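Labels below follow one simple rule: chain letters A, B, ... track the order of the sequence lines, proteins then strands, and each chain is numbered from 1. This structure is a prediction, so every number in the text was calculated from the model and none was measured.
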Protein chains: 2
Amino acid sequence: MAKEGKTSKETGEIVELMELLFFAYRDFISDPDEILSKYGFGRAHHRVIHFVGRHPGIRVAELLDILRITKQSLGRVLKELIETGYVFQQEGETDRRRRLLYLTDSGCDLHRELMAPQIERFKSAIKGTGTKINGVHRDLLFQLIDKDDRDHVNKLFGQAATHCKQKQDI
Amino acid sequence: MAKEGKTSKETGEIVELMELLFFAYRDFISDPDEILSKYGFGRAHHRVIHFVGRHPGIRVAELLDILRITKQSLGRVLKELIETGYVFQQEGETDRRRRLLYLTDSGCDLHRELMAPQIERFKSAIKGTGTKINGVHRDLLFQLIDKDDRDHVNKLFGQAATHCKQKQDI
DNA sequence: AAAAATATGTCAATAGTACTGACGTATTTT
DNA sequence: AAAATACGTCAGTACTATTGACATATTTTT
């Protein structure tokens, strides 16, 4: 039988951590899924709604870069969101080739509706850990991102908007 | 304009945490994707390989519960994995209705190949955080899981196998 | 022994997401 | 004027997933 080396236990713990990421993500996305089906939308629509909401005036190219999908995949979803009145486009001022994307009022409402249960999940999860230390929870997730992309993510955070439509401070 | 209430900043940080989960998961699954395409498999195959590898002799019903997909979705993937010789079935000893699932030797090899880059990613991520405190990284992910399911996940961890085929302690 | 429950497999039909690769158009930069 | 950029769109394809119904073998309950 396999003899257990010194590193086996460590690796085992890492595999558990990997599975925790899988389970956490699985349940994390289950929240909005139900809401989306009411609207006839899927996860791709959700992601577009979210990042357009967080970055009003975002360009198509940037959205493609964030979502890591192809133009064609985004195209269909974006078209549907525009036709159904959740997203609208504006010509760029400085560069008229650009289509700047914004959420409509209904888009903002939907965005908030989608975020609510996920924010709730995170809030109680953080409470559940009982950790007071600042940043520990961000660290691992951040470090899991491709090294080349971490600057980009940080930059995104810097530019992120408080919402288009602030009904209340939740 | 929206006046920023006390809770706004906290919520903003939570939204960033949510996005970090999205980015982390996006990159985390990008590792095996490339490997899978060589074999003509997709993510569903990966998940089956993984959990069968971790729980040799797992039942179909349990796999369905872990993956949260339908019997039909699993059925197709499982059939392909069996036909191509990565997974095999055995009748349950005590209950002959059960089909207990195992990885073949090639299945184990593939499993290891798929895990390797993800283990690497986690190891350097943990190193990158510089945190020595035990468990902090698990806590948040664990708490993000549906409350009803946490016991189940813990139970799974308890039953998880060191691999079927221990070539080396990585 | 008969009835009920369980574990699994399978059918058909459909939807959502994603891919590749190429091409067209408008606009800006060089 | 030429080159590069931003975007949209085409056709064809693949993977993952869904629902709901039904068939089979086996075990448990009555």
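- Phosphate contact (OP1/OP2 of C/dG9, side-chain N/O of B/R98, threshold under 4.0 Å): absent.
- Put simply, A/T70 has a side-chain N or O that comes within less than 4.0 Å of OP1 or OP2 on C/dC19.
- Among the protein residues, A/S37 comes within range of no part of the nucleic acid, since none of its heavy atoms lies under 4.0 Å from any strand.
- At a threshold of 4.0 angstrom between heavy atoms, the contacts of B/R59 are confined to the sugar-phosphate backbone, with no base atom among them.
- Among the atoms of the strands shown, only primed sugar atoms or phosphate atoms (P, OP1, OP2) are found under 4.0 Å from some heavy atom of B/H45.
- Side-chain proximity of B/Q72 to C/dA12, C/dT17, C/dC19: nearest is C/dA12.
- A/I29 and B/F28 fall within a single hydrophobic cluster, where Ile, Leu, Val, Met, Phe, Trp and Tyr side chains are chained together by heavy-atom contacts under 4.5 Å.
- Among the atoms of the strands shown, only primed sugar atoms or phosphate atoms (P, OP1, OP2) are found under 4.0 Å from some heavy atom of B/G42.
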Are B/E62 and B/H55 close enough, and set up right, to give a side-chain contact (heavy atoms from CB on, under 4.5 Å), and what steps lead you there? CA-CA 10 Å; B/E62 170 103 84; B/H55 303 280; over 6 Å; no
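- In summary, contact between chain B and DNA chain D, defined as any nucleotide atom under 4.0 Å from a heavy atom of the protein, begins and ends at D/dC15 to D/dT27 in the 5' to 3' direction.
- Among the atoms of the strands shown, none is found under 4.0 Å from any heavy atom of B/E80.
- Comment: B/E19 engages A/R54 in a salt bridge, judged by a side-chain N to carboxylate O separation of less than 4.0 angstrom.
- In this structure, the side chain of B/R99 does not engage the main chain of B/R59 through any donor-acceptor pair within 3.5 Å.
- Checked by distance alone, B/Q89 brings no side-chain donor or acceptor within 3.5 Å of a matching partner on the base of C/dG9.
- Ring-plane geometry between B/Y86 and B/Y39 is classed as perpendicular, the angle between the planes exceeding 60 degrees on a 0 to 90 degree scale with a lower cut at 30.
- Within the 4.0 angstrom heavy-atom criterion, no nucleotide atom of any strand lies near B/K79.
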